[in-house]
*Asks:* 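Let me give you the structure first, and then I'll get to my questions.
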Amino acid sequence: MIDELHVESVALIRDATLVPAAGLTVLTGETGAGKTALLSACKLLVGERADAGAVREGDDHLLVEGRVYLGPDDVDGHIVRRRVEAAGRGRVEIDGRMASVSELAEKVGSTVDLCGQHEHQRLLSTATHAQMLDAWAGEGVTVALAAYREALAAARDARAEYERVDELSRSGAERLEQAAFELRRIDEVDPQEGELEELEEALPRAEHAEALLRASEGAREAIAGDAGAMDTLSSAISTLRDAARFDNALSVLADPLESSLIDIDDLASRLRDYRDSVDLDPEELVRMQERMGALQGLMRSYGPSMTDVFAKRDAAREIVEAAGDSGERVRLARRAMEEAEAVLAKAADALDAARSEAAPRFAAAVTGQMGRLEMGGAELEVRCERMPRAQWTPAGPSKIELMYRPGAGLTPRPLRKIASGGEVSRVMLACKVVLGQADGVDTLVFDEVDAGVGGSTARSLAAVLADLAKTHQVIVVTHLAQVAVMGECHYLVSKGTGVDGKPETSLRQIDGDERVAEIARMLSGDASEISLEHARELLTEARG
């Protein structure tokens, strides 16, 4: 939900702030007043492509800021800033942190739907029709879709395994000979997991055993040998203890020396144990060096690491075994693939059945809302058409498409091919009302949804927008007084001359007599007493 929108230097707007209601917010004004600039600001807020040409003439950059709440569990909200320089460079910040435009579109754009007359790609794209049906149908289709996707992934894995095994079984003589050679050479060395690491640790000790013996024994002798450190320290302690008869302070000094003597004695024992652990075995040293050389030879040929050597051995063994098992592995892989395909076909049938059951009910619900919008008997249908197996996708095994029937007795045709812009606007509105909260979008911004609408249809359109505002935040740019009076919040967009003498679009929230006057203007183009009275009646009806 958009909590607040602040705009600077966008088109004719120098500085404007919009604080939309949680329900229905309406924006009205004379044609050319600059309402489109506010919609451009909304587009920038949700991560659409920036156009440096939108920067107000004479300014070096535009700025759009907004506080948005992303879902019902977002209690703190997020601050979004989008700056676009006249030179074309841009900058995005989310909560004071630099971000990319794609991150902005993913995080904020997914919660806001811009529903302009020329921005119906989502409704006209058949790729989204299944999503709409599934969202409306709920758990029954959701469970079936999850099972289908799991089966589709398993079938793809099984097919990939079959193709891999089949390719191995048909390896040429030259490839088989090479694999047999590689397997034979690696198996002759027979490397073991972890063996290289153990050798890398043990070999330096074996190669320098004499030096290690001399060092450990020399250190031990210096500590514990005749006239070594322990003897010297023991003599010092004895001297201090004798003299302590005359001054107890020397006894205090002897205590830490005695503690150190204990530590040194322990260290001497550890040095002796280390010395005893060093093994002077020339034959073992040669064996270890030869073993290290053999492993390094494998890594030079099939490395660079032992992991690569093990992988090469496994691959070579697989080729050799596949060539020698008379096609058994291929048969097993084919059977596994066929079983996975059978499971997938069953899951696909279940998904199609769930969607086919929900489709006419969804179409009827949308058609009912279209009737409220007085669309002349037009109907919506949902076509489910099973595609060839090769065309199945995670979206499903069938093509789901919204079909539009302009009137009774006419053949339904794809919505994208037959409906006019105004019709698409109203079909989209009907779909939004039917979907309710299931569409996953918090905010709907409508532009020109009332194009070509008048009379009783205008009242119906207003009522549908008001219903939609019960489940969404709705911001609508409108020329219809019947829609404007339904707004919880009403902003007037007007154009005048700024302090710099340039044309400037201003935005302000109106209420009371000012709102009555604006509704009157929308009704008749003037502020006569009759128009004002009519405006008051409409506002009273809307509040009642």
Side-chain angles (χ1 to χ4, degrees), residues 1-20 25 27-70 74 76-116 118-119 121 442-443 445-448 473 475-477 489 491-509:
M1 184 179 78
I2 300 174
D3 185 61
E4 185 173 346
L5 176 67
H6 177 234
V7 183
E8 293 181 12
S9 301
V10 177
L12 296 180
I13 298 176
R14 183 179 62 81
D15 191 303
T17 298
L18 173 69
V19 183
T25 298
L27 285 77
T28 67
E30 298 278 4
T31 300
K35 297 184 290 295
T36 301
L38 286 169
L39 296 176
S40 298
C42 287
K43 293 177 184 179
L44 291 172
L45 184 71
V46 300
E48 291 205 4
R49 187 176 64 86
D51 181 6
V55 178
R56 187 170 184 263
E57 186 176 347
D59 292 341
D60 58 4
H61 71 276
L62 64 79
L63 179 67
V64 176
E65 299 176 295
R67 180 169 53 249
V68 297
Y69 290 90
L70 307 178
D74 184 2
D76 298 323
H78 300 272
I79 302 299
V80 176
R81 299 181 82 249
R82 182 90 181 267
R83 175 188 171 106
V84 179
E85 298 179 3
R89 299 182 63 183
R91 182 184 181 92
V92 176
E93 292 182 9
I94 300 177
D95 294 330
R97 174 183 58 83
M98 286 192 299
S100 64
V101 175
S102 60
E103 183 180 353
L104 177 63
E106 180 180 355
K107 193 166 188 176
V108 180
S110 61
T111 68
V112 179
D113 203 351
L114 300 173
C115 310
H118 303 293
E119 295 160 337
Q121 290 85 356
D442 297 329
T443 300
V445 182
F446 289 98
D447 179 28
E448 300 181 357
Q473 180 186 50
I475 301 173
V476 58
V477 174
C489 184
Y491 277 86
L492 176 63
V493 183
S494 56
K495 185 167 69 174
T497 302
V499 293
D500 54 3
K502 298 177 182 177
E504 183 175 308
T505 291
S506 62
L507 176 70
R508 70 178 188 279
Q509 185 175 356

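As the structure is a prediction and not an experimental result, all values here were calculated from the model.
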*Asks:* Quick one: salt bridge (charged side-chain N to carboxylate O under 4.0 Å, His left out) partners of E57, sequence neighbours excluded?
*Replies:*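 Expected list: none.
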
*Asks:* Name all residues meeting the side chain to side chain contact (heavy atoms under 4.5 Å, CB included) criterion together with A86; count only those two or more places apart in sequence or in a different chain, and write none if there are none.
*Replies:* V55

*Asks:* What residues form a side chain to side chain contact (heavy atoms under 4.5 Å, CB included) with C489, not counting sequence neighbours?
*Replies:* A21, T25, Y491, Q509

*Asks:* Using the test side-chain hydrogen bond (donor to acceptor under 3.5 Å, both in side chains), find all partners of S9 that sit at least two apart in sequence or belong to another chain.
*Replies:* D59

*Asks:* Among all residues two or more places apart in sequence or in another chain, which pass the salt bridge (charged side-chain N to carboxylate O under 4.0 Å, His left out) test with R83?
*Replies:*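 R83 satisfies salt bridge (charged side-chain N to carboxylate O under 4.0 Å, His left out) with no residue once adjacent residues are dropped.
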
*Asks:* Applying side chain to side chain contact (heavy atoms under 4.5 Å, CB included), can you list everything that pairs with D3, at least two apart in sequence or on another chain?
*Replies:* R67, Y69

*Asks:* Which residues pass the salt bridge (charged side-chain N to carboxylate O under 4.0 Å, His left out) test with E8, sequence neighbours left out?
*Replies:*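 For E8, no residue satisfies salt bridge (charged side-chain N to carboxylate O under 4.0 Å, His left out) once neighbours in sequence are set aside.
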
*Asks:* Under the side-chain hydrogen bond (donor to acceptor under 3.5 Å, both in side chains) test, which residues partner R89, sequence neighbours left out?
*Replies:*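 R89 satisfies side-chain hydrogen bond (donor to acceptor under 3.5 Å, both in side chains) with no residue once adjacent residues are dropped.
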
*Asks:* According to side chain to side chain contact (heavy atoms under 4.5 Å, CB included), who are the partners of V493, at least two apart in sequence or on a separate chain?
*Replies:* L27, A33, K35, L38, T505, L507

*Asks:* Please identify each residue that fulfils side-chain hydrogen bond (donor to acceptor under 3.5 Å, both in side chains) with E85, with sequence neighbours left out.
*Replies:* none

*Asks:* Please find the pair of heavy atoms, one from R56 and one from I13, that lie closest to each other, and give the distance.
*Replies:* CD-O, 3.5 Å

*Asks:* Once salt bridge (charged side-chain N to carboxylate O under 4.0 Å, His left out) is applied, do any residues pair with R49, and if so which ones, sequence neighbours excluded?
*Replies:*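 Salt bridge (charged side-chain N to carboxylate O under 4.0 Å, His left out) list for R49, sorted by chain: empty.
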
*Asks:* Which residues pass the side-chain hydrogen bond (donor to acceptor under 3.5 Å, both in side chains) test with D95, sequence neighbours left out?
*Replies:* H78

